[in-house]
*Asks:* 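Dumping the structure here so I can ask a few things about it.
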Amino acid sequence: MIESAKHTWRSKLHEIIYEADTPAGKAFDVVLLILIFLSVVLVMLESVSNLQIEYGKYFYIGEWIITIFFSIEYILRVISIRKPSAYIFSFYGLIDFISTIPLYLSFFIVGTNALLTIRALRLLRVFRILKVTRYIGEGNKLAKALKDSRPKILVFLFAVMILSVIAGTLMYIVEGPEHGFKSIPVSVYWCIVTLTTVGFGDIAPVTALGQFIATVIMIMGYGIIAVPTGIVSAEMAKGENPEPDSKKLHLNTQVCHNCGARKHQDQAKYCHNCGNILHYD
């Protein structure tokens with residue numbers, strides 16, 4: 001009987017904290033997002049000297065209140081799951097921990113409270129709460145396209161680096177140290193800056209030949225910028241025709257109480273990873 005009651009409260013706590021399918025779970029996550037947003041705003045306002053002088057004490061108190069709430073939330077997340085390590089070492093678990101400890105570290109290391117802006121990463125939960133999974137799906141397509149085009153992009157970057165070294169060496173020979181091209185590394189730096197059309201203007205060719213080479217490099221820069229875009233676009237176009245089974249976009253926010261697995265199908269009753277039941281009535 002005691003074990004059953006214990007099992008029930010842990011299950012209910014898990015449902016509220018980890019999932020957004022129930023009103024209580026959604027309300028908890030909305031409150032959490034508001035506090036995260038307020039925390040980031042407080043840290044940003046605290047960096048303004050005039051506001052810090054006048055309202056610094058209130059900023060500090062507000063940060064501690066929110067930090068204590070996040071600390072309690074973190075502990076509840078750990079105790080409400082059967083395998084705490086599944087949460088502790090997960091992406092969100094690490095972010096939750098890192099975003100909670102800066103204020104505690106400020107007792108030992110001055111200025112670490114500014115790291116509280118890391119909490120902005122926790123706003124990623126808004127995708128789960130608002131069920132904007134369609135955007136996550138598009139993000140996954142982009143991530144897959146970038147991953148698939150990685151070898152081509154690496155070859156392209158290698159070619160650009162070789163071109164930069166050759167052009168930089170040439171500019172060092174043509175312009176020389178007297179015109180700011182003090183060494184080949186400096187000349188390569190100038191070439192990369194010019195090739196990417198950033199153009200800091202700290203070094204500029206003076207001779208006619210140097211200016212001609214610089215012109216060619218700048219024109220090439222516009223063409224080079226388009227290459228990675230074309231590679232990624234081609235990979236994304238390949239993924240526009242998914243298999244029939246992958247067209248269904250599931251909005252299920254349930255997290256397995258046993259192993260912490262996510263991404264279950266909408267009507268799923270059991271975890272796809274460990275087979276544990278997802279709902280306890």
Side-chain angles (χ1 to χ4, degrees), residues 1-40 62-105 115-116 118-133 135-137 140 248-281:
M1 187 70 176
I2 296 176
E3 283 297 323
S4 178
K6 182 179 179 182
H7 185 72
T8 301
W9 75 259
R10 284 183 64 182
S11 301
K12 293 295 183 183
L13 186 63
H14 178 275
E15 187 175 286
I16 294 172
I17 293 178
Y18 280 95
E19 300 171 15
D21 287 344
T22 63
K26 183 172 289 188
F28 175 83
D29 282 341
V30 169
V31 171
L32 183 63
L33 288 180
I34 293 173
L35 289 176
I36 293 168
F37 179 76
L38 287 176
S39 175
V40 174
E63 287 172 5
W64 266 113
I65 291 173
I66 295 174
T67 295
I68 291 172
F69 176 86
F70 286 155
S71 301
I72 296 172
E73 179 228 352
Y74 182 83
I75 294 171
L76 291 178
R77 285 184 182 275
V78 172
I79 65 175
S80 64
I81 192 169
R82 289 182 184 174
K83 296 181 180 178
S85 59
Y87 163 69
I88 293 173
F89 298 105
S90 67
F91 174 74
Y92 283 117
L94 292 173
I95 287 179
D96 291 348
F97 178 75
I98 294 171
S99 63
T100 303
I101 61 172
L103 205 57
Y104 295 111
L105 289 178
L115 295 175
L116 290 174
I118 295 174
R119 287 176 181 168
L121 290 173
R122 300 191 70 188
L123 292 172
L124 291 172
R125 282 194 171 91
V126 72
F127 291 107
R128 182 170 66 90
I129 296 165
L130 300 182
K131 290 185 179 249
V132 285
T133 318
Y135 299 116
I136 296 178
N140 290 337
K248 172 67 175 175
L249 205 55
H250 297 281
L251 305 179
N252 196 332
T253 64
Q254 291 175 326
V255 180
C256 178
H257 177 73
N258 184 53
C259 68
R262 303 171 184 270
K263 299 181 180 180
H264 297 95
Q265 294 185 1
D266 290 337
Q267 305 302 322
K269 295 182 179 179
Y270 300 94
C271 175
H272 62 76
N273 183 52
C274 67
N276 187 68
I277 190 169
L278 294 176
H279 271 305
Y280 293 99
D281 298 326

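Just so it is clear, the values below take in all heavy atoms, side chains as well, and ignore hydrogens, waters and symmetry mates.
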*Asks:* How long is the straight-line distance from CD1 of I81 back to OG of S11, given to the nearest 0.5 Å?
*Replies:* 11.5 Å
*Asks:* Could you tell me if T67 and Y104 have a donor-acceptor pair between their side chains, going purely by distance under 3.5 Å?
*Replies:* no
*Asks:* side-chain contact (heavy atoms from CB on, under 4.5 Å) with A24: which residues, sequence neighbours excluded?
*Replies:*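 Partners of A24 under the side-chain contact (heavy atoms from CB on, under 4.5 Å) test: I16, T22.
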*Asks:* Nearest heavy-atom pair of I79 and R10: which atoms, and what distance?
*Replies:* O-NE, 3.2 Å
*Asks:* Please round to the nearest 0.5 Å and tell me the distance separating atom OG of S90 and atom CZ of F97.
*Replies:* 13.0 Å
*Asks:* When you measure from the side chain of S39 to the backbone N and O of L35, does any donor-acceptor pair fall under 3.5 Å?
*Replies:*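 Between the backbone of L35 and the side chain of S39 there is no qualifying donor-acceptor contact (under 3.5 Å).
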*Asks:* To the closest 0.5 Å, what do you measure between CZ (F69) and CG (L32)?
*Replies:*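 Reported to 0.5 Å precision, the distance equals 6.0 Å.
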*Asks:* Could I get the full list of side-chain contact (heavy atoms from CB on, under 4.5 Å) partners for V78, not counting sequence neighbours?
*Replies:* Y74, P84, Y87, I88
*Asks:* Apply side chain to side chain contact (heavy atoms under 4.5 Å, CB included) to residues F37 and L33 and explain how you reach the verdict.
*Replies:* CA-CA 6 Å; F37 179 76; L33 288 180; over 6 Å; no
*Asks:* SG/C274 to CZ/R82 distance, rounded to the nearest 0.5 angstrom?
*Replies:*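 It comes to 8.0 Å.
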*Asks:* To the nearest 0.5 Å, what is the distance between CG (L13) and CZ (R77)?
*Replies:*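 Rounded to the nearest 0.5 Å, the CG-CZ separation comes to 9.5 Å.
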*Asks:* Residues in side-chain contact (heavy atoms from CB on, under 4.5 Å) with L94, at least two apart?
*Replies:*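 Residues passing side-chain contact (heavy atoms from CB on, under 4.5 Å) with L94: none at all.
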